[in-house]
Number of protein chains: 2
Amino acid sequence: MNESRRMPNSTDVARRAGVSQSAVSRTYSPGASVSQSTRDAVLAAAAELGYRPNALPGIMQGKRSRMIAVVIGGMGNPFYARVLDTLATRLSAAGQQMVLARVDSNHSLDAVADDLARYRVDGVFSALAVTQPDTRDALAAFGIPVVSFNTPLHGPSVHSVSCDNAAAGAAAAQLLHARGATRPAFIHGPENSPAEIERFTGFADAIRALGLPSPLEARGNYDYAGGRSAAAALMTASTPPDALFAANDLLALGALEALRHDLDRAVPSDVQVIGFDDIDMAAWQAFQLTSFAQDISGMVDRAVELLLSEQTTTEGQCLRVPARLIERATT
Amino acid sequence: MNESRRMPNSTDVARRAGVSQSAVSRTYSPGASVSQSTRDAVLAAAAELGYRPNALPGIMQGKRSRMIAVVIGGMGNPFYARVLDTLATRLSAAGQQMVLARVDSNHSLDAVADDLARYRVDGVFSALAVTQPDTRDALAAFGIPVVSFNTPLHGPSVHSVSCDNAAAGAAAAQLLHARGATRPAFIHGPENSPAEIERFTGFADAIRALGLPSPLEARGNYDYAGGRSAAAALMTASTPPDALFAANDLLALGALEALRHDLDRAVPSDVQVIGFDDIDMAAWQAFQLTSFAQDISGMVDRAVELLLSEQTTTEGQCLRVPARLIERATT
DNA sequence: CCTCTTTTTGCATAGCTATGCATTGCTGAT
DNA sequence: ATCAGCAATGCATAGCTATGCAAAAAGAGG
């Protein structure tokens, strides 16, 4: 509209409204002292000019930026899509903006962290299932509150909120045993996934504690195709398993489909299957997958509290939220 | 670490390195004139202090903020999760930050738009399946480039990138007719979804052009549960349909499950089903759903080009990208 | 060694808002 | 009429970096 495409600033509005720049600022500062007539004049002038208050100078003065960075490894897994959705809703309700950064093997966390730090975000929510040894340090380098979701980490100003993966793994073992399984197997996600390792360890320990042989293992990279191939690999072993516990639901659903359609096994009578995360599809009629529901809503609430809490002095907390076993038709 | 938790600034680094603030700034400005020795001293001092360049003053000086706002209605639909994932990857590759805002019936677009404008985002990517009459104006009020994804809109500096919904709807009609359907029905998404209306119109027109009766209709709000109930409602009609075209895949999958498990119909012999979006689950063995794949990658590329193009003078463009029919086992 | 060119450096300032402080104007009480 | 008290207003400045310009240093050539 204008010649130089410059946005109008508070001085422009002030001039037009015949007041000082301070009056404009105060009009947009809740609780500041402005008369009704001044306020009306300012708002009228602002509307005519299309003025939008600029948040950046305030941030430079030391105010909080009200921006939270979210570092995520991808949204292909409906579990993370739901986490993101929940987080977006909560942050919005708390008046925070969400700056989303996708990290993958190409874009390292360090590069992303540098970018985000330039914008003076107030905190970082990390939802990285797969971590490298230096991830903790890269997050700590932010120097601002960091919450790691579902990856237990702690350090100065680095908190984490996870579910109790080991206990859930043990519960899976006990359920399978109670349902008559004698040779359970585990389908791993990708390497370097701390949550997955906890699930496996809890599962394997409990299996052995029940007097069963150590579980067979296959690896499947957290997706449907990985679950299919892992199931195929496991079932062609010399002594194939009669129960599968997968590190997440996508793996479990892929395995379930492979069992039924490729390997011609009945579930649960020939082979039982348990997943993790309780994504929407787990409840679909075709699957009726037994799974562990994480309390996403509660976990995100905790994470947001940690991010927005003023005290930065707190040593990193490592919160645990229990997972809930949902037994359906695959066990 | 420090007393006042203030982040070090370029002056702090300059003092420590024994150079001027300008030298620090130039060290971080690609192509600026700094000697190697100065650069080394600056980087060393910066590392000691944990200095992170501050992007905000530059933005205030009129530089681009390199922030793109993304307005989205939710991530429960894997289609939008994938759009978001693709967009995040592309924007990251282009050196842009992504500011995510979730809009729902509680949080109106106007409120969100005000918030985002305060941060001086460079552009807005809108992925709102459901729009209100004033959405176009709310987006145009940004005064910055706006791209509406999959919702045809245009206005000053408001572009859109959509697939050719009407043509796809017609193709669905022709496929069903070719496969022997005589009484097709349509499962609507929510009201006020422009893309959905185009799909329906193209479908219904083609149905009639083929000499078939106007399609039965049911409404299902774009999710799995809606598809289930819509299918149940349609199949209990006095003359139930023998083919269903759903406005998206979640609806189609819900309908497919209801047909098989609740209504005891064989697919495709009793009833054919077509979805839209070709989400991952459509290809899963349990479903093998015929669907229309949108070229998400190409569409996002176009959208990013529009957002990052310098010329703001262009009248809003309304790009169309063809959808690709993927026939599987439900037709 | 001197001059000219090129590179490097520093100075000073723009960009926009929030806010402490001082000032003005008004109300109401004495 | 006088003055205390309070609300409303304006002034001036901090906060941080990028950059035009001028000055200084370094290098090149004779």
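Every chain is numbered from 1, with letters handed out A, B, ... down the list of sequences.
A:Y51 and A:Y28 have their aromatic ring centers within a separation under 6.0 angstrom. Residues A:Y119 and B:Y119 place their aromatic rings such that the two centres sit no closer than 6.0 Å.
Going from atom CG of A:L49 over to atom CZ of A:R16 covers 5.0 Å, rounded to the nearest 0.5 Å.
Judged by distance alone, the side chain of A:R320 and the main-chain N or O of A:C163 form a donor-acceptor pair under 3.5 Å.
DNA chain C is contacted by both B:G58 and B:S37; B:S37 maps to the nucleotide lying nearer its 5′ end (nearest heavy atom per residue). Nearest-nucleotide assignment on DNA chain D puts the 5′-proximal partner with A:S20, out of B:S10 and A:S20.
No salt bridge links B:D122 with B:R66; every basic N to acidic carboxylate O contact stays at or beyond 4.0 Å. Salt bridge absent: A:R82 and A:D85 never bring a charged side-chain N and a carboxylate O closer than 4.0 Å.
Scanning DNA chain C 5' to 3' for nucleotides with an atom closer than 4.0 angstrom to a non-hydrogen atom of chain A gives a first and last hit of C:dC16 to C:dG20.
Within residues 23-36 of chain B, the residues having any heavy atom closer than 4.0 Å to DNA chain D are, in order of number, B:S25, B:R26.
The terminal axes of the helix from C:dC1-D:dG30 to C:dT30-D:dA1, fitted over 5 pairs per end, subtend an angle of 40° to the nearest 10°.
Side-chain polar atoms of B:T131 and B:R136 form no donor-acceptor pair below 3.5 angstrom.
Using a 4.5 Å heavy-atom threshold, the side chains of B:Q96 and B:L307 count as separate.
Between B:A138 and B:D110, the closest heavy-atom pair is CB-OD1, 3.7 Å.
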side-chain contact (heavy atoms from CB on, under 4.5 Å) between A:V71 and A:L116: does it pass, once the steps are laid out?
CA-CA 10 Å; A:V71 182; A:L116 293 174; 4.1 Å; yes
